[in-house]
Amino acid sequence: MLASTQVFLLLVSLFASLAICAWLVRYRGRFAVLDVPNERSLHEKAVPRLGGLGIVVGIGTYVVFTLFQTSLDSKYMWVLVEAVPVMLVSFVDDFMKLHPLIRLAVHFVAAGILIHSGLALDTITFAGTSLSLGELAIPVTVIFIVWMVNLYNFMDGMDGFAGGMTLVGFSTLALVGLLSGATGFAGLAGVVAAAAGGFLVFNFPPARLFLGDVGSSTLGLLAAALILSADLQKVLPFWLGLLVFSPFVVDATLTLIRRLLAGDKVWQAHCSHYYQRLARSGWGHRRTVLWEYLLMLGTAISAILLFYNNNPGFELGVFVVWAVLYGGLAAWVTRRESV
């Protein structure tokens, strides 16, 4: 597609998302869904959810246009197909809480669709070395996809957080896609980022609209799919895709490990993610999310620098720096709570 067409699609997706989100903020009819605060919440009054519908509609405008133009690559069609069951079960869950096993089963089905389309991670490349997963390729890919869907949902608990991660993360994928000449990949990633931008207008603290499961779960699935696609198309290695989204990946994964070691029931709702603990320690929504944005920009810039300079030594050095930084931040949050 021409560059002007791509820009047009980005703007259409942005304004479609804006329009739907603006309506959802005001809507108080029979089918309105409000997020009523409880003891685990960071917000203090009921806020409309289902803001993810704005993002879904924004992406949908891109799909419809490209289908009419017969320019949507089949591999990206599979990415969108596998998002539909997750979106639908999450939408139903926003209205009536489904059993976690029902949602999880749908997540596994979506992962199977992705793998059927050819997005299995068979090799992991890092610092000049390649590790073949062999027979573990499919299990590892399934676990990665299902975990990304759920961790995105877990991390959607603070004003502006998931919307900001989506805007920064998918914009970074779109940029490296353009630099690599993968225009189809860049177009899809860019449209997700644009639609998230429309939602973020109403979600920045103090939020007037929340994503809901329909938004967070769908975005988690799309993030997993595009990270895998970027690796397979040689746009960006798998671990760098993880680095881009590491503000979510690291927090959710460390929290899960910490809760498992403590013997907690990990399937139950909680408020022990690092971002939640920091916000509750006195920083509040706005200050916490602004510093999280800085972290997101740091990981994005690191990935772009490594895209230009894939020297193994430099790659290993960046990895060590981020590992130390995340370890230090986790320890700092823990110390701050004890003060």
Search all heavy atoms of Ser302 against all heavy atoms of Leu243 and return the closest pair with its distance. CB-CD2, 4.0 Å
Give the minimum heavy-atom separation between Ala195 and Ser17, together with the two atoms involved. O-OG, 2.7 Å
So for atom CD1, which belongs to Ile138, do other residues, nucleotides or ligands contribute more than 12 heavy atoms lying within a distance under 6.0 Å? no
Plane angle bin for Phe319 and Trp239 - parallel if under 30°, tilted between 30 and 60°, otherwise perpendicular: perpendicular
Trace of the side-chain contact (heavy atoms from CB on, under 4.5 Å) decision for Leu278 with Arg336: CA-CA 8 Å; Leu278 184 57; Arg336 180 175 174 80; 3.8 Å; yes
Any side-chain heavy atom of Leu295 within less than 4.5 Å of one from Trp291? no
Between Tyr152 and Ser217, a side-chain donor and acceptor under 3.5 Å: no
Distance in Å, Leu219 CG paired with Asp156 CG, rounded so as to fall on 0.5 Å steps: 9.0 Å
Pair Leu260, Asp264 - check side-chain contact (heavy atoms from CB on, under 4.5 Å), show working. CA-CA 6 Å; Leu260 281 171; Asp264 295 339; over 6 Å; no
Sub-4.5 Å side-chain heavy-atom contact between Tyr62 and Leu10: no
Sub-6.0 Å ring centroid separation between Phe144 and Phe238: yes
With no hydrogens and no angle check, is any side-chain donor or acceptor of Ser229 less than 3.5 Å from a backbone partner on Leu226? no
Determine whether a donor-acceptor pair (N or O, by modelled atom type, separation under 3.5 Å) exists between the side chain of Thr334 and the backbone of Ala330. yes
Quick one: does Asn203's side chain have a donor or acceptor within less than 3.5 Å of a partner on Arg208's backbone? no
Do Ile257 and Val324 belong together in a cluster built from hydrophobic side chains that touch within less than 4.5 Å? no
Is it the case that the side chain of Gln233 and the backbone of Ala230 share a donor-acceptor pair, with hydrogens and angles ignored and the cut-off at 3.5 Å? no
How many angstroms lie between CD1 in Ile304 and CG in Leu175, if you round to the nearest 0.5 Å? 4.5 Å
Looking at side-chain heavy atoms only, is the closest gap between Val92 and Leu88 below 4.5 Å? no
Identify the heavy atoms of Ala127 and Pro312 that sit nearest to each other, and give their distance. O-CB, 3.5 Å
Nearest 0.5 Å please: distance from the CG atom of Leu131 over to the CD1 atom of Ile124. 6.0 Å
Quick one: which residue pairs count as a ring pair (Phe, Tyr, Trp, His ring centres under 6.0 Å) with a foot in residues 166-197, not counting sequence neighbours? Phe170-Phe245
Do other residues, nucleotides or ligands put more than 12 heavy atoms under 6.0 Å from Trp332 CH2? yes
Grouping I, L, V, M, F, W and Y whenever their side-chain heavy atoms are under 4.5 Å apart, do Phe95 and Leu24 come out in a common cluster? yes
Distance alone, cut at 3.5 Å: any donor-acceptor contact between the side chains of Ser90 and Asp213? no
Kindly compute the distance separating CG (Leu151) from NE2 (His273), expressed to the nearest 0.5 Å. 8.5 Å
Could you pull out the closest heavy-atom pair between Asn153 and Ser216, with the gap in Å? OD1-OG, 3.1 Å
Say whether, by atom type as modelled, one donor and one acceptor occur between the side chain of Arg49 and the main chain of Leu209 under 3.5 angstrom. no
Would you name the heavy atoms of Gly128 and Glu315 that are closest together and state the gap between them? N-OE1, 4.4 Å
After noting the C-alpha distance and the side-chain angles of Phe199 and Leu211, does the key distance pass the side-chain contact (heavy atoms from CB on, under 4.5 Å) rule? CA-CA 8 Å; Phe199 163 75; Leu211 263 180; 3.6 Å; yes
Is Leu18 reachable from Leu11 through a run of hydrophobic residues whose side-chain heavy atoms are each under 4.5 Å from the next? yes
Is the backbone of Ala194 close enough, under 3.5 Å, to the side chain of Ser13 for a donor and an acceptor to pair up by distance? no
Can you find a pair of side-chain heavy atoms, one from Ile145 and one from His107, that are under 4.5 Å apart? no
I need the minimum non-hydrogen distance between Thr141 and Leu121, along with the two atoms involved. OG1-N, 2.8 Å
Stepwise side-chain contact (heavy atoms from CB on, under 4.5 Å) test for Thr218 and Ile55: CA-CA 9 Å; Thr218 303; Ile55 295 177; over 6 Å; no
Can you establish whether the number of heavy atoms outside Phe15 located under 6.0 Å from its atom CZ is more than 12? no
How long is the span from the CD1 atom in Ile59 to the CG atom in Leu188, to the nearest 0.5 Å? 7.0 Å
A side-chain contact here means heavy atoms from C-beta on lying under 4.5 Å apart; do Thr255 and Ser272 qualify? yes
Nearest 0.5 angstrom please: Phe248 CZ to Thr253 OG1, how far? 12.0 Å
Whether the side chain of Thr299 engages the backbone of Val244 through a donor-acceptor N/O pair (distance < 3.5 Å, no angle test) should be reported. yes
Taking the side chain as every heavy atom from C-beta outward, state whether Leu306 and Phe314 have any pair of such atoms under 4.5 Å apart. yes
Quick one: side-chain contact (heavy atoms from CB on, under 4.5 Å) partners of Pro205, sequence neighbours excluded? Asp159, His285, Arg286, Val289
Does Asp94 use its side chain to pair, donor to acceptor, with the backbone of Gly212 at less than 3.5 Å? no
Do side-chain atoms of Ser180 reach the backbone of Gly177 as a donor and acceptor pair under 3.5 angstrom? no
Within the structure provided, determine whether Pro48 and Tyr27 are in side-chain contact (heavy-atom separation under 4.5 Å). no
Indicate if Leu104 and Val106 have the same hydrophobic cluster label, given that clusters are the connected sets of ILVMFWY residues with side-chain heavy-atom separations under 4.5 angstrom. no
Take a 6.0 Å sphere around NZ of Lys265 and say whether it holds more than 12 heavy atoms from other residues, nucleotides or ligands. no
Do Tyr275 side-chain atoms and Phe161 backbone N/O form a donor-acceptor pair below 3.5 Å? no
Determine whether Leu236 and Asp231 make a side-chain contact, defined as any pair of heavy atoms from C-beta on separated by less than 4.5 Å. no
Do Leu221 and Val146 belong together in a cluster built from hydrophobic side chains that touch within less than 4.5 Å? no
